[in-house]
Number of protein chains: 2
Amino acid sequence: MILIQVTARAPGKVILFGEHAVVHGKPAIAVAVDRLAHVTLTGRTDSIIRAEISRLGVDGYLNLENETINTQGYQIEVGLLKYVLKALKAVDHRTEPGTGLDVTVDIEMPVASGLGSSAAVTVATLAAASKYHQLNLKPKAISSLAHLVELEVQGAASPIDTTLSTYGGVIYLSPDVQEIVRLPIDWDLPLVIGHTRRQGNTGELVESVRLKKESYPSVINPIFESIQEVTEEARNALLEKDENKLGELMNINHGLLDALGVNTPALSRMVYLARQKGALGSKITGAGGGGSIIAYCPEKMDEVISELQKEEQAFPVKLRHEGVTCNVIE
Amino acid sequence: MILIQVTARAPGKVILFGEHAVVHGKPAIAVAVDRLAHVTLTGRTDSIIRAEISRLGVDGYLNLENETINTQGYQIEVGLLKYVLKALKAVDHRTEPGTGLDVTVDIEMPVASGLGSSAAVTVATLAAASKYHQLNLKPKAISSLAHLVELEVQGAASPIDTTLSTYGGVIYLSPDVQEIVRLPIDWDLPLVIGHTRRQGNTGELVESVRLKKESYPSVINPIFESIQEVTEEARNALLEKDENKLGELMNINHGLLDALGVNTPALSRMVYLARQKGALGSKITGAGGGGSIIAYCPEKMDEVISELQKEEQAFPVKLRHEGVTCNVIE
């Protein structure tokens, strides 16, 4: 028996335009970024499956049969381990049920920050397990399975994250039918992420916007319409690399998100600090209520990052053209 | 010859809803507030007209014949004295051209802050001069003349400020034809004003919004439409004294103003501080780019004011039902 080791890497993502409105049938644009989740599977001689996310100080024993995670009595937030468990279960083709695995997860992005860490971990786990079990699943299968895993763990999930972790690149989610269209963007789209310690609760935020729409349909519907038009204009700006237009549209989209009530003092402060230090545009990314902002500042990244770092976490990302990748050490 | 003294008092105003959109034919709501401009005319035995705004350290000699202000060589910002000069000129019925006046102006509000100090001074000057010269102009005439004075001094002006300084109360400017409708609001509408040291340039801000509309009509038109609907909903909320709704609508309107690009870091910070300290709603008032915010916080005025005062000027105002008033001491 040869104990092989498989490592898969999948990118995280940010939503560029259209968050919240996308829940109401409007288009959105999202982009894979070069912050990766690494998942390594190493064969064991025993039948144990042990998983570890060292960066978060999380580890546990996974039981695929009854789908439980044993943390040996420690009351830790297993969080991402649930995704690992469900992903391994989804492609469990171990010929001998007793064959164990060491799973190590490393993530280059803050968790629960709107950067799609769970999708990246899920996709990387699926890709690694597919390779390990010599299933050689196609990207389409990995993407679909990953979406199912997210649905199982979270109850609700957008296919945006799992699509981008699988394929990389930039996607446009078309209005109404929300078909995923990959946009041929051939430049690097450097962005700064600013990340607050406070996390927003996506479900609650989506619900609060829905209630606002219910209370004031004549007020909120035109806001969604404006976000739709921002997203359509931004699609062209991305394809044409019209940097100033891209920035302006980010600023407008930010104000519209503020109008929907998902801004916070900390996010607002970062958004304005970034603009003051030279960002062409900056906005909340994702659900808001905490989480992250993005700033587009191709000429001033260092200034913007060091300014934001005075108060919060900040780091650069760029477009990751490549999706999930795998390599095997035998 | 009896030297009489006439004092007139006229209120300032704040725009509650619809600023900027109103320039593009949308409705707006504005309210007279209990911060007044006091203008006192006292007869002199000589032919000199001397005007003084002691609070601003401004004084000068006004020549109504050639419409000049002589500040005796001091390079001071005559600012509001121009309005005094034009208003006195507009109702100059001195039977003997040589009869002088002492004009003292006192204003209870920051200047160039969106609170309509120039309209209040103009209306008070017109009312005082009308009484002094025994013309007894009707409010309608005072309001019209004041608007003409503002047009003459500024080049462009909205009739909102001069109407409110003349009549007090709350006005709704209807869409398209922008007819002024006085709303029968019978409660006090307590507000907190937060005022930044930085002044916005109204003309430049209006132009920047116009350019944005020209660049992205499909994006900006729905924003104006949403502001229109916010204003219509707010009209009902005011009439019904629905405080929570009023606050929510202020927050939405603020985000839409942010989307139009007229927010600043200082305004944004005050708006969020006010909400954190218990405001039901808070927003930019007026052109933005500096200037003032308003917060509606009937239960928490002291907390909001003391928080805002840590960084900027802040003070309470309430609806002034009464318009310009006059009294005479002989």
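Reminder, nothing fancy here: chain letters follow the sequence lines and each chain counts from 1.
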Open item on the list: At under 4.5 Å between heavy atoms, what parts of residues 259-290 of chain B are in contact with chain A? List them by residue number.
Closed with: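 Residues of residues 259-290 of chain B touching chain A at under 4.5 Å: B/Ala259, B/Asn263, B/Thr264, B/Pro265, B/Ser268, B/Arg269, B/Tyr272, B/Gln276.
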Task: Toward chain A: residues of residues 230-254 of chain B with heavy atoms under 4.5 Å - done: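 When heavy atoms of chain A are the reference, residues 230-254 of chain B contributes B/Val230, B/Glu233, B/Lys245, B/Glu248, B/Leu249, B/Asn251, B/Ile252, B/His254 within the under-4.5 Å range.
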Task: Value rounded to 0.5 Å, distance of CD1 in A/Ile220 from OG in B/Ser226 - done: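 Interatomic distance, A/Ile220 CD1 to B/Ser226 OG, rounded to 0.5 Å: 6.0 Å.
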TODO: Kindly indicate whether the side chain of A/Ile223, heavy atoms from C-beta on, has any atom under 4.5 Å from the side chain of B/Leu256.
DONE: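 In contact.
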Open item on the list: So A/Val219 and B/Ile227, do their side chains get closer than 4.5 Å, heavy atoms only?
Closed with: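 Not touching, per the 4.5 Å side-chain cut-off.
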Task: CD (B/Gln154) with more than 12 external heavy atoms under 6.0 Å - done: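 Counting other residues, nucleotides and ligands, CD of B/Gln154 exceeds 12 neighbours.
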